[in-house]
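Chain identifiers are assigned alphabetically (A, B, ...) following the order of the sequence lines, protein sequences preceding nucleic acid strands; residue numbering begins at 1 within each chain. Small disclaimer: the values here were computed from a predicted structure and weren't measured.
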Amino acid sequence: MSTTMNAPMHPRRGAILLVVAGGSALIAALAMAFLVRMRSAAEETRLVADEAQARIMLLAACSYVLEGSRLGYDVDPDARPKPDGHIEAFGWIDVRDGAIGPRDQIGRQLWTAGAWPAVGATARCPMHAWTRPPYAISPTVAPNAIATRDPSSPDFGRPYLRHPDPLPMVANGWPGAVSDAAWDDFAAGDPRPRGGTTGLAWFRCHRESPARFVLTCGAGATQGFRSWLEVQAAGAEATFADDQALFDDLRANERLLWYRVEWSAAVTVNNYHSIDYHVGQSGHYYLIAVNGSLGNGDTRSQMRAPNPVGTIRWVERLAGEPAIW
Amino acid sequence: MTERAFTLLELMIAIAIGAVIAGMVIAAARMASDCVTAGNRLAIENQLIGAGVLAACDEIDSWKAYDDPDGGQPLRAMSGPRGLPFTPLAQTWAAAGVAAAWDGGESAWSMHNPRAWWRGCMAERAGSDPVNGFYGVSGASVPIGEPAPTYARYGTPPQPPPVLSGAWQHDMVRGLEPALGMYGLIDYLPANAIYGYYGAPNAWTTEGGVPHWMTVGALPAPQALYPATYNDVFSIVPRNPAAGTGGPADIATTVRARWQTWEGGGSLAANVRDLIDRNEHRDVLMPIAPAHWPRVSARIVRTIHKAYFTNACTVAWTSPLTGATSELRFTGFGTTLRGARQSRGLDGP
C-alpha cells in the first residue's frame with residue numbers, strides 16, 4: 001500500500017479562496033435577487049397585457065355581432081345572383097317585420113336550429129391573424145406613381161396605368177391575361193396563422209335570445225374551446241398535443257371576461273335644420289345626411305356614422321361565469 | 001530551511017494592491033446594490049402603474065365610483081321629482097307622470113313597430129314661423145292625454161285625432177329624462193332616437209305645437225344624437241364629487257347639464273375644466289404606503305360627445321424622489337350605464 005503525502009496548503013491560498021468565494025456569492029445573490037424581481041415584474045406586466053388583450057376581444061366580439069346582423073352569409077356570389085348567392089341579412093331581429101333573423105332578401109331564414117347563428121348556438125372565434133386575409137390589398141399608396149426624377153426617362157411625367165390601383169397582394173396577371181386561379185387565391189386569402197399571433201386571444205359569442213349575446217373574451221391559448229370535450233368533438237386534440245393536462249393548464253392561465261350585450265338595428269339618423277336658425281330665412285329647411293360631407297358647420301364623414309350594421313344597445317359585465325357560454 | 005518572510009516593500013505593494021482590489025470590489029458591490037435598488041424601484045413603479053391600469057379597467061365595468069353596492073349610493077336618491085343615474089326606475093318613473101311603463105325588452109324598439117317611430121317635423125324649432133304648414137303635428141299624432149295645439153294666428157288645420165300609437169314613444173322619451181338625467185336618457189334610448197316629443201305648447205314651442213324641445217344640445221329644436229352632442233358634452237357625476245360641487249341637489253342639476261365645447265364660445269378651457277372638475281372620479285391607490293413608493297392615482301370621466309360615449313381614463317404617478325408626475329391616458333370600452341343598472345337590479349318593476 002502506497003501513500004501520497006500532499007504538500008501542506010499555504011494559509012494565504014485559503015484566505016484568497018474565501019474572499020473570492022464570498023465576493024462571488026454576494027454578486028450571485030444580488031444578480032439572483034435582481035432576476036427574480038424582474039421576473040416578477042414581467043409576470044405582473046403580463047396581467048395588464050392580458051387584461052388589455054381580453055378587452056380588445058370585447059371590441060372584436062361586438063364588431064362580430066354587429067356585422068353578423070347583416071353580413072357573412074354569401075354562398076357563391078359569382079355563380080349565383082342575389083338572393084341565392086349574394087346574401088344580405090336584415091338584422092338579428094328583422095327590421096322588416098320583427099321576426100328572428102338573420103333572414104335573406106326574400107325572407108328565408110339563414111340559420112338552422114342548433115347551429116350558429118341560431119338562438120342558443122355559440123360561435124368560437126380564435127383571433128390569430130391570417131397570413132393573408134381575403135381580398136388583401138397591398139399597402140402601396142401609389143402603384144402607378146408618375147416618374148418625376150429623371151427628365152431623360154421616356155416615362156418622365158407620364159401617367160401610365162401599369163398596375164391595378166389599388167394593388168392586390170396576389171398578382172393577377174393584369175394587364176395581360178388575368179388568371180382565374182389568381183383571382184380565387186386573392187378572394188380566398190391564406191388562412192394559415194401568421195407567426196407570433198397564435199395563442200394570444202379569442203372570443204366566443206353565444207346567442208342567448210334573438211338580440212342578446214353572451215360574449216366570452218379570452219386572453220390565452222385555448223383558442224376558445226370551452227372544455228376538453230369540446231376539443232375532442234372538434235377533433236382538435238392535436239392542437240394541444242393530445243394532452244388534456246396541457247389544455248387545462250392553458251385554461252387555468254387565461255384571463256376570461258364575460259359580458260352580456262344587446263344588438264339594436266338603430267343607427268345614427270339624418271338631421272334636419274331650419275335655415276331660419278342660420279340665416280334668418282324662415283320656412284326653409286335642409287337635410288344633413290349621416291354621411292354627408294358637410295353639415296352643421298362640421299365635416300361629416302363615415303367616421304361620424306360608423307354603425308351601418310346596427311349598434312350595441314348596452315353592455316353588461318357578468319359577475320361570474322354564466323351557465324352557458 | 002530558511003524561513004521566508006515578507007520584506008517591507010513586498011508588504012506595502014501587497015497592501016496597495018489589496019486596497020485597489022478592495023476598492024474595486026466595494027465599488028462593484030455598490031453599483032450592483034444600486035442596480036438592485038433601482039430595479040426594485042422600477043419594479044414597484046411598474047407594479048403600481050399596472051395596478052392603476054387594472055383599477056381603471058375594473059372601474060369601467062364596475063361603476064363603483066358612481067354606485068358602490070358595498071356602500072356609498074347617493075346616486076340612488078330622488079331629488080324632488082327627478083331621479084339620479086342610479087335611482088331605481090320603479091321609484092322615479094312614477095314621478096315622470098307618463099302612462100306607459102319603461103319597456104326594456106329587446107324587441108321594444110324594433111324598427112318594424114310603428115309605436116317606436118318618432119312623429120313630427122325635425123325642422124321646426126321654437127319660435128319658427130309655420131308658413132309651410134303645421135309640421136309639428138301634421139301627419140303626426142297628439143298622444144292621448146296631451147292638450148291639443150293652439151293655432152291663434154293661423155286657424156286650426158285638419159288634425160288627426162289623438163292616438164295611442166304615438167304615445168308609447170312619447171312616454172319613453174319623456175319619462176327617461178326626469179328619471180335618469182341626460183346621460184341616462186341618451187344611454188337608454190336607441191341610436192336613432194330623436195330628442196323631442198309632443199308636449200303642451202309653451203314658450204319653447206311654436207304656435208301650432210311643434211314637438212316639445214328637450215334640453216339636449218344648443219338648438220331649440222328636436223335633435224338627433226349627433227347634432228345634439230356636436231357642441232356639447234353630457235356627463236355623469238361620481239358618488240363622491242370633487243369638493244365644491246355640493247350635495248345631491250347639485251348632482252341632480254349636474255347630470256342634466258351640458259358643457260359647451262364650441263371653440264367659438266370663448267370659454268372653452270373654462271368649460272372643459274369645469275366639466276372635468278365636476279365629473280372626474282379620482283381614486284388614489286394605496287393611500288398608506290412606504291414613503292419611497294410612487295404615489296399612484298387612477299381617474300375616470302365618462303362623457304358623451306359627438307355621438308360617442310367615452311370612458312377617459314388617466315393613471316398618474318408621482319416620483320417620491322423628484323416629485324415629477326407622469327400620466328398614462330387611455331379610453332376603455334366596457335359596461336354601459338344601463339348594463340351597470342341591470343346588474344344591480346335597478347330597472348325592474
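Separating the CD atom in E254(A) from the OG1 atom in T216(A) is a distance of 10.5 Å, to the nearest 0.5 Å.
Within a 6.0 Å sphere centred on CZ of R108(A), heavy atoms belonging to other residues, nucleotides or ligands number more than 12. Applying the 6.0 Å contact sphere to CD1 of I324(A) captures no more than 12 heavy atoms from other residues, nucleotides or ligands.
Contact annotation for V25(B): neither backbone nor side-chain heavy atoms come within less than 4.5 Å of a heavy atom of chain A. With a 4.5 Å cut-off on non-hydrogen atoms, N113(B) does not touch chain A at all. Heavy-atom distances place both the backbone and the side chain of N40(B) under 4.5 Å from chain A. For a residue to count as touching a neighbouring chain, one of its non-hydrogen atoms must lie under 4.5 Å from one of that chain's; by this rule L189(B) touches chain A with the backbone only. The part of S110(B) that comes within reach of chain A is its side chain, from C-beta onward, which places non-hydrogen atoms under 4.5 angstrom from that chain. Residue I93(A) touches chain B through its side chain alone, counting heavy-atom pairs closer than 4.5 Å. Residue S209(A) touches chain B through both its backbone and its side chain, counting heavy-atom pairs closer than 4.5 Å. The contact between R313(A) and chain B is made by backbone and side chain atoms together, counting heavy-atom distances below 4.5 Å. With a 4.5 Å cut-off on non-hydrogen atoms, L59(A) touches chain B through its backbone and its side chain both.
Cation-pi check for R212(A) over W92(A) is not met; the charged atom does not lie both under 6.0 angstrom from the ring centroid and within 45 degrees of its normal.
Most heavy-atom pairs under 4.5 Å with chain A: of the set G332(B), G334(B), C57(B), A340(B), this distinction falls to C57(B). Options T45(A), D97(A), I312(A), I56(A) differ in how many heavy-atom pairs under 4.5 Å they form with chain B, and the most are formed by D97(A). Between chain A and the options A51(B), A28(B), A43(B), heavy-atom pairs under 4.5 Å are most frequent for A43(B). With chain B as the partner, the residue from E51(A), R55(A), R260(A), E44(A) showing the most heavy-atom pairs under 4.5 Å is R55(A). Taking Q342(B), E106(B), R338(B), H112(B) one by one and counting their heavy-atom pairs under 4.5 Å with chain A, the maximum is reached by E106(B).
Checking E59(B) against W63(B) by side-chain atom types alone, no donor-acceptor pair falls below 3.5 Å. Between the side chains of E316(A) and W258(A), no donor-acceptor pair of N or O atoms lies under 3.5 Å. Of the N and O atoms on the side chains of E67(A) and S63(A), not one donor lies less than 3.5 Å from an acceptor on the other residue. Side-chain contact check for R341(B) and Y188(B): at least one donor-acceptor pair (N or O, by modelled atom type) lies under 3.5 Å.
The backbone N or O of G339(B) lies less than 3.5 Å from a partner atom in the side chain of T336(B), making a donor-acceptor pair.
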